[in-house]
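Order of the sequence lines fixes the chain letters, A, B, ..., with proteins taken first and strands second; residue numbering starts at 1 for each chain. No hydrogens, no waters, no symmetry mates; every other heavy atom, side chains included, goes into these values. Quick caveat: nothing in here was measured; it's all calculated off a predicted structure.
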Number of protein chains: 2
Amino acid sequence: MGMSEATEQAAPKAKRPTRAHRREEILAAATRVFGSKGYHQGSLVDVAAQVGITHAGVLHHFGSKDKLLWEVLEYRDRVDVQHLEGKHIPGGLDLFRHLVTTARLNADRRGIVQAYAVLTGESVTDGHPASSWVAQRFAVLRGEISQAVRDLATERDVRLPDGEAERAANAVIAVMDGLQLQWLLDPEAVDLAEATRFAIESVLTATLGSPVQIASA
Amino acid sequence: MGMSEATEQAAPKAKRPTRAHRREEILAAATRVFGSKGYHQGSLVDVAAQVGITHAGVLHHFGSKDKLLWEVLEYRDRVDVQHLEGKHIPGGLDLFRHLVTTARLNADRRGIVQAYAVLTGESVTDGHPASSWVAQRFAVLRGEISQAVRDLATERDVRLPDGEAERAANAVIAVMDGLQLQWLLDPEAVDLAEATRFAIESVLTATLGSPVQIASA
DNA sequence: ACGGGCTTACTAACCAGTTAGTAAGTGTGG
DNA sequence: CCACACTTACTAACTGGTTAGTAAGCCCGT
């Protein structure tokens, strides 16, 4: 908790890397490794090599491979949200704009998308350490997106059948994940941002019964 | 699940299984194993144990783990198509009915869905032996579905913007894969068949500009 | 100011377990 | 007899994790 502020920056000397800095390096490396090889296949040796230390050094910082994975996932969330100005997730149509914007950004961050895709796929295997994280993530997204759908519905005086908002939310989440998969395997065949916008607009239009358009920032 | 149900046929003597029969057993076992643990994490020992032999026995039949995977994928295709009465993939609206029907069947074949999901996710890792298979599969589906979309468009006298059929096809494929993922992680949260029908209808309705309905045969 | 005590960051060596794959031998049905 | 299915026994490579030891930096009493 109460660390002295002086230890953080102040001296830009490149002596021994500070703990915080080193950890960040390792997290970035782990993201790359898990992204390109998966969690099971990506080894601590791989991660360590990328920051120029041994695998024992990585364990010194993170304790175990499982814990490292956890922090990688949190790290991804942190990075993901930090570009968001408002600092909190928007609602209504803004949420969907945000999703499309994220897709556009993702098209230039193949590594992160790959890590997410691989981990999500792997997570459906028995007893995978990331499965609850992924499930939780889906649940949260489902809640936020379905709420945004309901917002749009009331905004446009549309009465939604029971469970329709959730169905739409599930479809939106599904389409985003699925498109990422296709894009990773064949970037030529899919324009990630455009395809995402198209798909989300389709779902919203069909759900609300009137055309919905998402501006292309 | 019965471990060696097939090996001990009748009372007389333990007949030696024919090569073809044994191979089929192994393929089924491998599908289960790769489905529940993934390709990398699922070992030949696991597969062998399920048919009551050693892992060397499996290698005797398939030569290597990679070759086994290939045959598993082919096997899945064979099984997948054989329930199709017409023996060839339908077009137009029938294709989408077929997709929803497949989703409904899949809800009772968790193992296969899981195998497909895990393998697809894993396939985006560097140099994965299944990546070209998955990419190919996507390409074929994209072709068939976009053609079906174009069929529907001409059928309803709708002029589609350039590339719109492909976008719709990509969205349909994506939504199916994504929903499977969500369903695997939390079957309560998603009604696979219903969600698939809803999502496909949404995309088609938005694409064609008029309501599209898929019967629930 | 400086030397000792303590913490941090790491390495080298090793562990036990698991992997795919190979080679040689065994039993059996035809 | 003998081809084939299969086992036993093994190897070489790796895995995540533990250990002891070391070098470097920080804090503090004198």
Side-chain angles (χ1 to χ4, degrees), chain A residues 2-27 29-30 33-34 37-72 122 125-130, chain B residues 4 6-10 12-27 29-30 33-34 37-72 122 125 127-129:
Chain A
M3 310 278 269
S4 62
E5 305 258 324
T7 55
E8 284 195 7
Q9 286 277 352
K13 292 190 174 182
K15 304 228 166 179
R16 199 169 56 170
T18 73
R19 177 166 186 81
H21 179 18
R22 201 48 143 184
R23 281 175 56 99
E24 193 112 355
E25 274 188 300
I26 295 173
L27 285 176
V33 170
F34 292 160
K37 303 218 205 182
Y39 172 73
H40 284 302
Q41 196 64 7
S43 73
L44 292 178
V45 177
D46 293 331
V47 174
Q50 290 213 9
V51 294
I53 62 176
T54 64
H55 88 281
V58 173
L59 286 172
H60 163 71
H61 285 286
F62 290 92
S64 78
K65 197 189 180 189
D66 271 33
K67 285 185 199 153
L68 175 60
L69 172 62
W70 261 102
E71 300 226 30
V72 163
E122 247 184 338
T125 58
D126 301 342
H128 195 282
Chain B
S4 53
T7 52
E8 48 165 303
Q9 287 278 31
K13 288 206 171 172
K15 281 275 200 178
R16 194 161 55 168
T18 73
R19 179 167 185 82
H21 179 29
R22 201 46 142 188
R23 280 176 57 98
E24 192 114 353
E25 275 187 301
I26 295 173
L27 285 176
V33 170
F34 292 160
K37 305 222 216 177
Y39 172 72
H40 284 303
Q41 198 64 9
S43 71
L44 293 179
V45 176
D46 294 329
V47 175
Q50 289 212 13
V51 294
I53 62 175
T54 64
H55 88 280
V58 173
L59 286 171
H60 165 69
H61 285 286
F62 291 92
S64 79
K65 197 187 181 189
D66 270 34
K67 286 185 199 153
L68 174 60
L69 173 62
W70 263 102
E71 300 226 31
V72 163
E122 244 184 340
T125 58
H128 194 284

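- Counting to the nearest Å, the P atom of D:dA5 and the CD atom of B:Glu25 are 14 Å from each other.
- No side-chain donor-acceptor contact under 3.5 Å links A:Thr125 to the backbone of A:His128.
- Taking atom CD1 of A:Ile53 as the reference point, atom C1' of D:dA23 lies 16 Å away to the nearest angstrom.
- To the nearest 0.5 Å, atoms CD (B:Glu24) and CG (B:Leu27) are separated by 6.5 Å.
- No side-chain donor-acceptor contact under 3.5 Å links B:Glu122 to the backbone of B:Gly38.
- Contacts between residues 57-64 of chain A and DNA chain C, defined by a heavy-atom separation under 4.0 Å, are made by A:Gly57, A:His60, A:His61.
- Atom NZ in B:Lys37 sits about 11 Å away from atom C1' in C:dT18, given to the nearest Å.
- Here A:Lys37 pairs with A:Asp46 under the salt bridge (Lys or Arg N to Asp or Glu O under 4.0 Å) rule; sequence neighbours left out.
- Residues satisfying the ring pair (Phe, Tyr, Trp, His ring centres under 6.0 Å) criterion with A:Phe34, sequence neighbours excluded, are A:Tyr39.
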Under 3.5 Å, which donor-acceptor pairs do the side chains of residues 51-62 of chain B form with other protein atoms, sequence neighbours left out?
{"residue": "B:His61", "atom": "ND1", "partner": "B:Arg19", "partner atom": "NH1", "Å": "3.3"}

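- Take A:Gln50 and apply the side chain to side chain contact (heavy atoms under 4.5 Å, CB included) test, not counting sequence neighbours, and it matches A:Ala29, A:Arg32, A:Val33.
- Listed pair B:Arg22 / D:dC6 meets the phosphate criterion, a side-chain N or O lying under 4.0 Å from OP1 or OP2.
- Of the side-chain N and O atoms in B:Arg19, one or more sit less than 4.0 angstrom from OP1 or OP2 of D:dA5.
- Rounding to the nearest 0.5 angstrom, the gap separating the NE2 atom in B:His40 from the NE2 atom in A:His40 is 10.5 Å.
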Heteroatom pairs (N/O) under 3.5 angstrom, protein to nucleotides 9-15 of chain D:
{"residue": "D:dT15", "atom": "OP1", "partner": "A:Ser43", "partner atom": "OG", "Å": "3.2"}

